[in-house]
2 protein chains.
Amino acid sequence: MESKHIATSSPFSLHRGCHECNLSKLCIPIAVGAEDIDRLEEIIRQGKMLNRGEYIFEQHTPFRSCFAVRSGAIKTFTVSEEGEEQVTGFYLPGEIIGLDSVSMEKYSCSAVALERTSVCEIPLEKFEDLASDIPSLQHHFFSLMSKEIQESRQLTMLLSKNSAEERIASLLLSLSTRFSRRRLSGTNFRLPMPRSDIGNYLGLAVETVSRVITRFQNNGIIKVQGREVQILQLEELQKVLRHDTKCLEHQKESAVNGR
Amino acid sequence: MESKHIATSSPFSLHRGCHECNLSKLCIPIAVGAEDIDRLEEIIRQGKMLNRGEYIFEQHTPFRSCFAVRSGAIKTFTVSEEGEEQVTGFYLPGEIIGLDSVSMEKYSCSAVALERTSVCEIPLEKFEDLASDIPSLQHHFFSLMSKEIQESRQLTMLLSKNSAEERIASLLLSLSTRFSRRRLSGTNFRLPMPRSDIGNYLGLAVETVSRVITRFQNNGIIKVQGREVQILQLEELQKVLRHDTKCLEHQKESAVNGR
DNA sequence: CGTACAGTTGAGGAGATTCAATCATCGTGG
DNA sequence: CCACGATGATTGAATCTCCTCAACTGTACG
C-alpha cells in the first residue's frame with residue numbers, strides 16, 4: 001500500500017528536471033520546445049516533498065507561486081468566516097494548483113497533501129516574464145486556466161442538477177480517467193481522500209457517500225474495500241451519470257426476496 | 001423602463017473607443033497605460049448590437065474571441081447531450097464573457113442577450129500577441145481568468161452548502177454590488193433574467209425561486225414587482241446569506257394569526 | 001489493548017421537487 | 001384598442017431525496 005510512493009518519489013526522481021519527468025506531457029513543459037525547457041527549469045523549483053497533512057500554501061497568505069503535483073495527491077479548500085471548510089478540488093500528478101489565485105494578492109484557498117506528495121514550484125512573477133517571451137507558453141497557461149474554469153463549471157452543474165448517485169459516479173469516473181492518463185489502472189485504484197472530503201466536495205453528507213458507495217457495490221458496479229476501489233462495470237457507471245440508470249433499487253425489495 | 005437603454009447604447013456611444021467608454025475602469029483597458037490603449041482599440045471591434053434572444057456565440061463553434069459587455073445583459077449556458085440547459089453565468093456591462101474557452105478549439109458554452117445588448121469583440125489571437133508585448137495586460141488577463149475561477153468556485157460552494165433562501169439572497173446581493181460598481185442603484189434594479197434562468201443557475205426549481213422571493217417580500221426584506229426589485233433591508237439579506245437568519249417563518253402561523 | 005478516527009447502517013424529519021392549477025404580463029394581429 | 005395566445009410567475013398539495021442524529025463496526029496506531 002505504501003509501495004507506490006517509492007516508485008514516484010524516490011530521491012532520484014526528485015532532482016530530475018522537466019526533461020526527464022514522465023509527467024511533462026501533462027504538465028507545463030508540453031507547451032515549450034525542447035530548447036526552451038531549460039529556461040523553464042531555471043525558474044521552477046523541483047521536487048519539494050510534503051508529508052500527509054502538510055500545507056503547500058495557506059488561504060490568505062501572499063500569493064507567490066503555482067505548484068505542479070509530481071506525486072501523491074492534494075486537496076484544496078477554502079474556509080468561510082464561520083470556519084466551515086469547503087473542499088474545492090483534488091489534484092493528482094501532472095495537475096496544477098493555485099490557478100485560482102494567479103495575479104491575486106493572496107491565495108484564495110489552502111492546499112494540503114492527502115498523502116506523501118511532491119510538488120514543483122512555479123513562481124508566478126518569473127513565470128509571467130517567461131510567458132511573455134514564449135507565446136506558446138502564454139497560450140498554454142491561458143488554456144490551463146480556461147480548463148480550470150470549465151472544470152469548475154462542470155462541478156457546479158453536477159451539484160445543481162445531479163443526484164447523489166450521479167455525483168459519486170462522476171467523481172469515480174473522473175479519477176478513473178485521470179489515473180488512466182498517467183498509464184495507471186483506470187479500474188483499480190486507491191482513493192487518496194477520506195469519505196468526508198468526498199462528501200464535502202460533492203455537497204453530500206458523509207453518510208450519503210457511504211450509502212451510495214454501498215449501493216453501487218450491491219449492484220455489482222464496483223467493489224470497495226476501504227479506500228481501495230475496483231470498477232467492475234465502467235459502462236454502468238457512465239450510465240448512472242447520464243441519468244440512464246438508477247441504482248436505487250432500495251434494499252427493501254431485495255430483503256423481501258430473501259437475499 | 002426602456003429609458004436606460006438610451007443612455008448606454010445610443011448610436012453615438014457605440015462608436016466611441018475605449019478612451020471614452022465609462023466602463024474602461026471595469027474592463028480590459030484598466031490594465032494598460034493611456035499610450036497603449038490605442039493599440040488595444042485597434043484589435044477590439046467595438047459596439048456590436050444584439051437584440052434580446054440573439055446569440056453572441058454558440059457552444060461547439062470555433063472559438064475566436066472573448067466579448068466585453070457594454071450595455072444590456074447576457075447569459076451563458078451549456079447544453080448537455082440530453083439537451084438539458086445549464087445556465088453558467090449572467091454578465092453585466094464591464095464584464096467579460098468567453099474566458100472559459102480561451103485557448104480552446106471551440107466555445108464551451110453559448111451566450112445569448114437577455115435584453116438589447118451591445119458588446120465589444122476581443123479577438124484572442126491578436127490579443128495574445130498584444131498581451132506578450134504589454135506585461136500588465138497579460139497580468140490583468142490572468143487576473144480576470146483567475147477571478148472567473150474563483151467566482152465559479154463561489155457558486156459551487158453556494159450550491160453545495162447553502163439553502164434555497166441563501167442562494168437567492170446571494171444572487172440578489174451579487175447583482176446589487178455589480179450595479180453599484182457602475183454607479184447605478186444597488187437597491188433598485190430590474191432583473192435582466194426570468195425566474196426560470198435564476199432557478200436553473202442556482203440549481204432550484206422555478207417554483208422554489210418564486211416561493212423564496214415571495215417569502216423575502218413577506219418579511220419586508222425586498223419588494224418585488226415582476227422583474228423590478230427593491231432591496232429594503234440590505235443587512236437582513238446579508239444575514240440570510242451568513243446562515244444568521246432564516247426567513248422561513250412558514251406562512252402557516254401568520255395565517256393562523258388571521259392575515 | 002484501548003483510544004481515536006474513519007466508515008457504515010438505521011430511523012425520522014426537513015427542505016426542495018414535482019405535478020397541477022391558476023393568475024399575470026406582454027407582444028401581436030384583427 | 002382590445003382580444004388573444006403564449007410565456008412567465010405564483011400558489012397549493014403530495015412526494016421524495018437527502019440530511020441529521022445516533023449507534024455501531026472496523027481499522028490504524030501508540
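These numbers were taken from a predicted model, which means no experiment stands behind them. To find a chain, count down the sequence lines: A is the first, B the second, and so on, and within it residues start at 1.
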Shortest side-chain distance from Arg227(A), nucleotide among dA9(D), dC18(D), dG7(C):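 The closest nucleotide is dG7(C).
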In terms of side-chain heavy atoms of Thr208(B), which of dA16(C), dT8(C), dC18(D) is nearest?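 Taking heavy atoms from C-beta onward, the closest nucleotide is dA16(C).
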Taking only the side-chain nitrogens and oxygens of [X], find out if one of them lies under 4.0 Å from OP1 or OP2 of [N].
X         : N       : value
Arg195(B) : dT10(D) : yes
Ser210(A) : dT9(C)  : no
Arg211(B) : dT17(C) : no

If we ignore hydrogens and angles and just use 3.5 Å, is the side chain of Thr117(B) paired with the main-chain N or O of Ala73(B) as donor and acceptor?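 Looks like yes, one N/O pair under 3.5 Å.
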Has Gln217(A) got a side-chain atom pairing as donor or acceptor with Ile222(A)'s backbone, closer than 3.5 angstrom?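 A pair under 3.5 Å: no.
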Using rotation axes that map the C1' atoms of four end pairs onto the next four (five pairs an end), what angle separates the end axes of the helix from dC1(C)-dG30(D) to dG30(C)-dC1(D), to 10°?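 Taking the rotation axis at each end, their angle is 30°.
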Using heavy atoms to find the nearest nucleotide of DNA chain D for Val209(A) and Gln225(A) separately, return the residue whose nucleotide is more 5′.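 Here Val209(A) is the residue nearer the 5' end.
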Table please: side-chain donor-acceptor pairs of residues 49-60 of chain B below 3.5 Å, with sequence neighbours left out.
unit_1   : atom_1 : unit_2    : atom_2 : d
Asn51(B) : OD1    : Arg116(B) : NH1    : 2.4
Glu54(B) : OE1    : Asn51(B)  : N      : 2.6
Gln59(B) : OE1    : Val79(B)  : N      : 2.9

So Arg52(B), base contact, sugar-phosphate only, or nothing? Heavy-atom distance under 4.0 Å.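 No contact.
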What nucleic acid atoms does Arg167(A) come within less than 4.0 Å of, heavy atoms only: base, sugar-phosphate, or nothing?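 Since no nucleic acid heavy atom lies under 4.0 Å of Arg167(A), the category is nothing.
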With sequence neighbours excluded, residues passing salt bridge (charged side-chain N to carboxylate O under 4.0 Å, His left out) with Lys223(B):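 By the salt bridge (charged side-chain N to carboxylate O under 4.0 Å, His left out) rule, Lys223(B) matches no residue at all.
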Quick one: list whatever passes salt bridge (charged side-chain N to carboxylate O under 4.0 Å, His left out) with Arg45(B), sequence neighbours left out.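 Arg45(B): salt bridge (charged side-chain N to carboxylate O under 4.0 Å, His left out) contacts with Glu121(B).
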Sort and list the pairs that fulfil salt bridge (charged side-chain N to carboxylate O under 4.0 Å, His left out) and have at least one residue in residues 169-178 of chain B, not counting sequence neighbours.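 Applying salt bridge (charged side-chain N to carboxylate O under 4.0 Å, His left out) to every pair that reaches into residues 169-178 of chain B, excluding sequence neighbours, yields Glu95(B)-Arg178(B).
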In this structure, are over 12 heavy atoms from other groups packed under 6.0 Å from Glu82(A) atom CD?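 Correct, the count exceeds 12.
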NZ (Lys239(B)) with more than 12 external heavy atoms under 6.0 Å: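 Atom NZ in Lys239(B) is not crowded, with 12 or fewer foreign heavy atoms closer than 6.0 Å.
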I need the [atom1]-[atom2] distance between [X] and [N], as an integer number of Å.
X         : N       : atom1 : atom2 : value
Arg190(B) : dG8(D)  : CZ    : P     : 13 Å
Leu159(B) : dC19(D) : CG    : P     : 14 Å
Glu228(B) : dG8(D)  : CD    : P     : 18 Å

In residues 197-207 of chain A, what residues come within less than 4.0 Å of DNA chain D, judged by heavy atoms?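 Correct list: Gly203(A), Leu204(A), Ala205(A), Glu207(A).
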